[in-house]
Amino acid sequence: MLRVKDDELSVYRDTPEPPSLAGSLSDDELPLDPDLYQELCAGGAFDDHNLPWLSDADDTPFLDSVLRKRAVKVKHVKRREKKSEKKKDDKYKRHKQKQRHKDKAKHSERMENRDYSSLRQCLGPSCVQPARPSSKYCSEDCGMKLAANRIYEILPQRIQQWQQSPCVAEEQGKKLLERIRREQQQARTKLQEMERRFHELEGLITKAKQQQIREDEETNDGDSDDTDLQIFCVSCGHPINPKVALRHMERCYAKYESQTSFGSMYPTRIEGATRLFCDVYNPQSKTYCKRLQVLCPEHSRDPKVPADEVCGCPIVKDVFELTGEFCRVPKRKCNRHYCWEKLRRAEVDLERVRVWYKLDELFEQERNVRMAMTNRAGLLALMLHQTIQHDPVTTDLRTHTER
């Protein structure tokens with residue numbers, strides 16, 4: 001094996017001198033083969049350690065310098081090709097930009113040199129300019145001028161026609177306004193009466209609390225009750241004793257009523273009104289409670305009744321006639337007049353709320369009628385509508401039955 005290696009080295013030494021071959025080839029005459037360069041690079045032909053038989057630096061063959069020159073030349077050629085391609089792309093982009101600029105200039109020249117005789121003329125007064133696309137005017141000023149001229153030309157004649165013949169709707173509107181004002185006056189009178197009843201009730205409750213307790217009334221009331229009879233609650237349906245029926249039904253109703261909320265986003269603002277709505281703000285739903293304040297089971301609780309407080313409910317005969325006497329049974333033991341103050345107050349407050357709702361509805365009706373009467377003789381209505389009188393003698397166009 002050593003002899004074979006020596007023979008191969010001797011063959012390489014007997015070949016012609018590499019400097020003369022490398023010197024005889026110029027840079028331009030060297031063959032340029034990119035595929036060869038890639039194959040040599042991939043095979044590691046330029047690494048000295050990949051040539052095991054060339055262990056000595058003096059024994060390196062002439063192929064090393066020739067191959068390296070070829071590789072350098074191929075690399076320079078590739079760089080020049082990339083630069084030329086980049087220059088071509090830049091030149092193409094500049095050409096496209098110039099072409100677009102030229103097209104825009106030609107388009108503007110064609111628009112300037114276009115014949116305006118085929119376009120529609122602006123409808124503005126004394127305007128000779130062509131109208132804009134999809135418009136009748138060349139500008140907004142021309143449209144406003146034409147509209148002003150129409151108003152000055154048509155409106156005086158329409159006003160004169162409006163004044164010549166009576167307007168039936170105007171007369172009906174005046175009658176409706178008179179009726180609404182009468183109803184408003186009646187509602188205000190009733191509201192004042194309800195306010196008077198409100199203060200009378202407060203005075204009656206104050207007077208009833210000053211009465212003295214009588215024990216004989218308490219015993220007589222207890223003996224007259226029948227303990228065997230039972231009735232059913234209207235809220236829960238359970239059988240209950242009539243002696244405690246009112247107390248049970250009131251508490252049962254309050255329990256079921258508190259499960260439902262009645263709210264509005266705005267608080268109640270009524271001038272001169274006291275103790276109407278609860279108006280407690282709920283931060284979770286962001287609403288104000290709109291139950292009656294005296295009946296709200298959610299935000300108001302019944303005060304604790306002391307042991308020496310009298311019932312004080314006014315005694316009546318024939319259902320509605322007051323006798324001037326009061327119930328003098330202790331309030332804790334009186335089952336016949338349970339929570340009578342709260343129910344009387346709720347009755348008065350409910351009537352007051354109804355009157356306020358009626359007033360609000362009447363105010364809204366008056367506003368609508370006034371707005372209709374104002375718009376009836378307005379600019380837009382006079383310009384768009386017209387009544388033609390075929391008989392100049394007759395001014396009232398209604399029939400005899402309508403009159």
Side-chain angles (χ1 to χ4, degrees), residues 176-214 217 246 249-250 253-254 257 262-264 266-280 288-306 309-331 334 336-367 369:
L176 187 58
L177 276 179
E178 293 177 359
R179 181 181 62 81
I180 291 174
R181 287 170 185 167
R182 285 196 303 268
E183 292 181 0
Q184 287 179 354
Q185 187 62 33
Q186 294 174 2
R188 289 192 183 97
T189 306
K190 189 174 182 180
L191 186 61
Q192 292 176 0
E193 181 183 355
M194 297 308 300
E195 291 291 335
R196 182 181 56 81
R197 285 182 56 189
F198 167 76
H199 293 291
E200 287 180 358
L201 178 62
E202 293 299 323
L204 182 64
I205 293 173
T206 305
K207 183 179 179 181
K209 289 182 179 180
Q210 298 174 359
Q211 302 297 320
Q212 298 296 326
I213 298 176
R214 287 184 182 178
E217 292 188 6
L246 290 177
M249 289 183 183
E250 187 67 27
Y253 171 76
E257 184 71 13
F262 299 91
S264 174
Y266 307 100
T268 305
R269 296 175 182 175
I270 302 177
E271 296 181 0
T274 55
R275 200 194 66 195
L276 277 181
F277 296 103
C278 179
D279 274 336
V280 174
Y288 295 87
C289 181
K290 291 303 173 185
R291 287 192 183 95
L292 288 178
Q293 186 177 0
V294 295
L295 288 180
C296 183
E298 194 175 359
H299 305 110
S300 63
R301 296 186 178 276
D302 296 335
K304 188 175 181 180
V305 180
E309 185 175 350
V310 69
C311 174
C313 179
I315 298 176
V316 297
K317 66 176 182 179
D318 298 334
V319 182
F320 298 107
E321 294 182 10
L322 292 174
T323 60
E325 298 181 359
F326 299 92
C327 177
R328 298 187 180 185
V329 179
K331 196 168 188 179
C334 184
R336 184 178 296 177
H337 309 121
Y338 180 71
C339 292
W340 70 272
E341 304 100 324
K342 183 171 73 171
L343 297 177
R344 290 285 185 92
R345 286 170 175 166
E347 181 183 0
V348 175
D349 291 349
L350 186 59
E351 290 294 329
R352 292 164 63 204
V353 169
R354 287 174 178 171
V355 175
W356 279 113
Y357 280 153
K358 182 65 176 178
L359 272 175
D360 186 39
E361 183 181 353
L362 292 173
F363 287 143
E364 184 68 19
Q365 291 180 6
E366 183 182 5
R367 187 183 66 85
V369 172

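Computed over heavy atoms, backbone and side chain alike; hydrogens, waters and symmetry mates excluded.
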Peer 1: Just how far is it from atom CG of Leu362 to atom CD of Gln185, taken to the nearest 0.5 Å?
Peer 2: 11.5 Å
Peer 1: Search all heavy atoms of Ala208 against all heavy atoms of Gly312 and return the closest pair with its distance.
Peer 2: CB-O, 2.9 Å
Peer 1: Nearest 0.5 Å, please: how far is CG in Leu177 from CZ in Arg182?
Peer 2: 11.0 Å
Peer 1: List the atom of Ala346, the atom of Leu292, and the distance in Å for their closest heavy-atom pair.
Peer 2: O-CD1, 3.9 Å
Peer 1: Kindly determine whether Leu359 and Arg188 satisfy side chain to side chain contact (heavy atoms under 4.5 Å, CB included), including the steps that lead there.
Peer 2: CA-CA 8 Å; Leu359 272 175; Arg188 289 192 183 97; 4.2 Å; yes
Peer 1: For residues Phe198 and Asp349, report the shortest heavy-atom separation together with the two atoms involved.
Peer 2: CD1-OD1, 4.2 Å
Peer 1: Would Ile205 and Arg345 satisfy side chain to side chain contact (heavy atoms under 4.5 Å, CB included), going step by step from the backbone distance to the final call?
Peer 2: CA-CA 10 Å; Ile205 293 173; Arg345 286 170 175 166; 3.4 Å; yes
Peer 1: Could you walk me through whether Arg354 and Glu351 satisfy the salt bridge (charged side-chain N to carboxylate O under 4.0 Å, His left out) test, starting with their C-alpha distance in whole Å, then the side-chain angles of each, then the deciding distance to 0.1 Å, before giving a yes or no?
Peer 2: CA-CA 5 Å; Arg354 287 174 178 171; Glu351 290 294 329; 3.3 Å; yes
Peer 1: If only side-chain N and O atoms count, and only distance matters, is there a donor-acceptor pair under 3.5 Å linking Glu366 with Gln184?
Peer 2: yes
Peer 1: Report the residues that fulfil salt bridge (Lys or Arg N to Asp or Glu O under 4.0 Å) with Glu361, sequence neighbours left out, ordered by chain and then residue number.
Peer 2: none
Peer 1: Just wondering, more than 12 heavy atoms not from Glu200 lying within 6.0 Å of its CD?
Peer 2: yes
Peer 1: Assess whether atom CZ of Arg269 is packed by more than 12 heavy atoms of other residues, nucleotides or ligands within 6.0 Å.
Peer 2: no
Peer 1: Taking all atoms of both residues into account, what is the closest heavy-atom pair of Lys290 and Pro267, and its distance?
Peer 2: NZ-C, 3.6 Å
Peer 1: Gln293 and Arg275: side-chain donor and acceptor closer than 3.5 Å?
Peer 2: no
Peer 1: I'd like to check Glu347 versus Arg197 (side-chain heavy atoms, cut-off strictly below 4.5 Å). Are they in contact?
Peer 2: yes
Peer 1: What are the two closest heavy atoms between Arg367 and Glu364, and how far apart are they?
Peer 2: NH2-OE2, 2.6 Å
Peer 1: Can you tell me how far the CZ atom of Arg336 sits from the SG atom of Cys327, to the nearest 0.5 Å?
Peer 2: 7.5 Å
Peer 1: Is it true that, when you exclude Tyr253 itself, more than 12 heavy atoms of the residues, nucleotides or ligands shown sit nearer than 6.0 Å to its OH?
Peer 2: no
Peer 1: Tell me whether the count of non-hydrogen atoms from other residues, nucleotides or ligands lying under 6.0 Å of CZ in Phe363 goes above 12.
Peer 2: yes
Peer 1: Apply side chain to side chain contact (heavy atoms under 4.5 Å, CB included) to Phe326 and Leu204, showing your working.
Peer 2: CA-CA 10 Å; Phe326 299 92; Leu204 182 64; 3.6 Å; yes
Peer 1: If you define the side chain from C-beta out and look only at heavy atoms, does anything of Lys342 sit under 4.5 Å from Ser300?
Peer 2: no
Peer 1: Compare all side-chain heavy atoms of Trp356 with those of Leu276 and state whether any distance is below 4.5 angstrom.
Peer 2: yes
Peer 1: If you look at every heavy atom in Cys311 and Glu341, which pair is closest and at what distance?
Peer 2: O-OE2, 4.3 Å
Peer 1: Can you tell me how far apart NE2 (His337) and NZ (Lys331) are? Round to the nearest 0.5 Å.
Peer 2: 12.0 Å
Peer 1: If you count every heavy atom of other residues, nucleotides or ligands that lies below 6.0 Å from Lys190 atom NZ, does the total exceed 12?
Peer 2: no
Peer 1: Phe277: which residues meet the ring-ring contact (aromatic ring centres under 6.0 Å, His included) condition with it, sequence neighbours left out?
Peer 2: none
Peer 1: Hey, what do you get for CG (Leu343) to CD (Glu250), rounding to the nearest 0.5 Å?
Peer 2: 5.5 Å
Peer 1: Quick one: pull up CD in Glu195 and CZ in Arg352 and give me the separation to the nearest 0.5 Å.
Peer 2: 4.5 Å
